[in-house]
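Right, one structure below, let's go through it.
The figures here come from the full heavy-atom set of this structure, side chains too, leaving out hydrogens, waters and symmetry mates. Predicted model, so just to flag it, every value in this text is computed and none were measured.
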There are 4 protein chains.
Amino acid sequence: MKAELIKESINLFVEKGFSATSIQDIVDKLGVTKGSFYYHFKSKEALLMHIHLSYIDDLLKRQKTILETEKEARGKLVKVVELLIHDIEKQGALGRVYYREIRHLTPENAATIRKKRAEFRDRIESIIKEGIENGEFRKNLEAKMITFGILGITNWSYQWFNPKGDLSVRELADMYTDFILHGIQSKDS
Amino acid sequence: MKAELIKESINLFVEKGFSATSIQDIVDKLGVTKGSFYYHFKSKEALLMHIHLSYIDDLLKRQKTILETEKEARGKLVKVVELLIHDIEKQGALGRVYYREIRHLTPENAATIRKKRAEFRDRIESIIKEGIENGEFRKNLEAKMITFGILGITNWSYQWFNPKGDLSVRELADMYTDFILHGIQSKDS
Amino acid sequence: MKAELIKESINLFVEKGFSATSIQDIVDKLGVTKGSFYYHFKSKEALLMHIHLSYIDDLLKRQKTILETEKEARGKLVKVVELLIHDIEKQGALGRVYYREIRHLTPENAATIRKKRAEFRDRIESIIKEGIENGEFRKNLEAKMITFGILGITNWSYQWFNPKGDLSVRELADMYTDFILHGIQSKDS
Amino acid sequence: MKAELIKESINLFVEKGFSATSIQDIVDKLGVTKGSFYYHFKSKEALLMHIHLSYIDDLLKRQKTILETEKEARGKLVKVVELLIHDIEKQGALGRVYYREIRHLTPENAATIRKKRAEFRDRIESIIKEGIENGEFRKNLEAKMITFGILGITNWSYQWFNPKGDLSVRELADMYTDFILHGIQSKDS
DNA sequence: AATGAATGAGCATTCATTCAT
DNA sequence: AATGAATGAATGCTCATTCAT
């Protein structure tokens, strides 16, 4: 039941947004009553926090595995990009809630999530720095901005990419990895 | 008055989101009454549509000027990236409302906006294709995905970039232009 | 303009009722603004009172003419029934407003109208009493109830009668006059 | 609670009309809150429909019993007139809401009620026709108009009759039955 | 004679939440 | 583990009315 409440909530939050989704909307989809919701969650915000936490914790765990497995900066980066893009397929809608609705968390909860987001970002930044130092990546890069740029490319794909469309998740990940590594220009000038 | 209502609305929509912002919130900021709001706007959604329309129409107009002025694909692309990033400074918060709140428009209005968004995107795609054809850009690029990638990099900056911080808008635009053109790898491999 | 406001108001009051009709609805139909309405009428209630007054005053005047012209009770009654039914054709919708919306007048205005209504009714009651006394009508009639009965027959026709339908106003008046005078039974029993 | 809401609503709708009665007015009378009203009724219109439906359904059921019990057209008609007038006593105010506020139903709901009203009317018309055919009633009557006339007499009494006044419901029903059957003229002319 | 702008109160409805059962 | 009933606050919106121009 709790799991079903979460699943249905995510769908509705994606579709209509957190504020525009009422508890009534959620329980109606499952044919239960509001009392039931409040047995499982302390509040609407608690549900949102639950969704945010399980999403970022999962991401951090998988990122950690990558960092421990891969040796080169390039390999690490490729795998992290793949992690983010593959996520669209597995978690689908979830990502969209994650990026959009953080402002509906209480300040404390939002801070917790932001800390974890920063951690995820910092680890990517470290990969970039590592690559710059060991010569894998170009010297004059601003690691922080590049990190945001990479996150922009991947996160934005949540807005338009349809995993059931012509292009596979694998192909998209390859394309974006190539884009990030080589840019688009035909030769250095 | 109408202009002030729009300005204050945008601030609040950015801060709390469209659904979480009430008409009362908006008019309280200006010390007027709700009746006054409804004299100027038919509905809350009509205000949101107004915001969306004026944003995208302005963007399209400036994009058109760029396309008519610049000769090379590279130059066009650089200017469009600068257009998007400079916008953060000039329009500030507006962009964030634009990307986030489209789902609160009526289906018809949303369709209108999406059509205009697609036009903006298609014009970028055309630049990429043009560059591929005339040898400015690499041959094996998938123009559509690259377009989304570029939009991801620039649009994502609305989420974190603070134009009053250490890094200037100009520097950010340069950095991202460099990133998009050359990628991050030290040499082709 | 004032006349047009009245005409359009009556139509709307009939269609949607007094409370459910807004000043905005009225002025929209004429393409003018609310300020214009308030130039001609002190308030919405004042308009309603105007409508009520002109309706009942006209009815009382015509009823008086009938009483002065006809000699026999029977003739007077027939003419008054015709007066009420003919009114549907001439005044159309107005009657429906008159009977329905009196409770939206201020207590003082409502009292004024009710006094005039009572006068109209009393004059009919007098006709009945006169007819009973001089043998034109049956002895055992309760004049007051019969008066209400007659008004019921005629006023109810405002609810269903369509003057543009198969049956003419003239025919309806004849039929109801016949009904009132003879009843429906084939012979006394 | 639901029953109490209905009862209090009817009183208020009679007194002030449907549009002029607010949900607040209703719940204030019972000392509960608006939320409570909306727990029991989907909307204000849903309450009005409930009132209309239960009124006409009850009337149709009792009319059916009369038609099955009485043999002669005359007896049927007398009983139906009594049914309508007795109703004033038992249902009191309800009738006034029923005839006045139908235009505040949604078009679909109004159609449903109108269909049932027409059924009630058609059954009276059938009684008249039956009486004309078997010689109980006069030959030259137009059944449809007579039906509307009878309904006018009875329904109009909702507007003025006070069951607690001098005249009893029984006496009024007798008087109107007599009026309908014999008319008011002393002898046929 | 009419407009444009504004007000303040009120409206139907929805909401997150509570709680006895 | 879940329901039915209720609350109180808020929401988007409409209203009759006013008034300077």
What is the separation between atom [atom1] on [X] and atom [atom2] on [N], rounded to the nearest whole Å?
| X | N | atom1 | atom2 | result |
| --- | --- | --- | --- | --- |
| B/Tyr38 | E/dA5 | OH | P | 18 Å |
| B/Leu30 | E/dA6 | CG | P | 11 Å |
| C/Asp28 | E/dT3 | CG | P | 12 Å |
| A/Leu12 | E/dC15 | CG | P | 12 Å |
| C/Phe18 | F/dC15 | CZ | P | 13 Å |
| D/His40 | F/dG4 | NE2 | P | 12 Å |
| A/Phe37 | E/dC19 | CZ | C1' | 17 Å |
| D/Phe41 | E/dT14 | CZ | P | 15 Å |

Residue mapping more 5' on DNA chain F - nearest nucleotide basis, B/Gln24 or C/Lys44 =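 Closest to the 5' end, via its nearest nucleotide, is B/Gln24.
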
note = Walking DNA chain F from its 5' end, the first of C/Asp25 and D/Ser36 to be reached, judged by nearest nucleotide, is D/Ser36

From the list [options], which nucleotide is the closest neighbour of the side chain of [X]?
| X | options | answer |
| --- | --- | --- |
| A/Thr33 | F/dT7, F/dA2, E/dA6 | F/dA2 |
| B/Lys34 | E/dA12, F/dC13, F/dA16 | F/dC13 |
| D/Ser22 | E/dC11, F/dT14, E/dT7 | E/dC11 |

ask   = Going from OH on A/Tyr158 to OH on A/Tyr99, what distance comes out if it is rounded to the nearest 0.5 angstrom?
value = 5.0 Å

inquiry  = Just so I know, are the side chains of B/His52 and B/Thr112 near enough to count as touching, which here means a heavy-atom distance under 4.5 Å?
reply    =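 Not in contact.
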
task = Assess C/Lys44 against C/Tyr38: is NZ or CZ under 6.0 Å from the centre of the six-membered ring, and within 45 degrees of the ring's axis?
result =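 The answer is no; the distance or angle limit is not met.
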
request  = Check whether any side-chain nitrogen or oxygen of D/Tyr39 sits under 4.0 Å from OP1 or OP2 of F/dA6, and answer yes or no.
outcome  = no

remark   = Comparing C/Gly31 with D/Ser19, nearest DNA chain E nucleotide closer to 5' gives the residue C/Gly31

First of B/Val32 and A/Lys42 reached from the 5' end of DNA chain E, by closest nucleotide =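 Taking each residue's closest nucleotide, the earlier one in sequence belongs to B/Val32.
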
ask   = Would you call the rings of B/Tyr98 and B/Tyr55 parallel, tilted or perpendicular if under 30° counts as parallel and over 60° as perpendicular?
value = tilted

inquiry  = If only side-chain N and O atoms count, and only distance matters, is there a donor-acceptor pair under 3.5 Å linking B/Asp57 with B/Ser54?
reply    =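 Side chains of B/Ser54 and B/Asp57: no pair found under 3.5 Å.
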
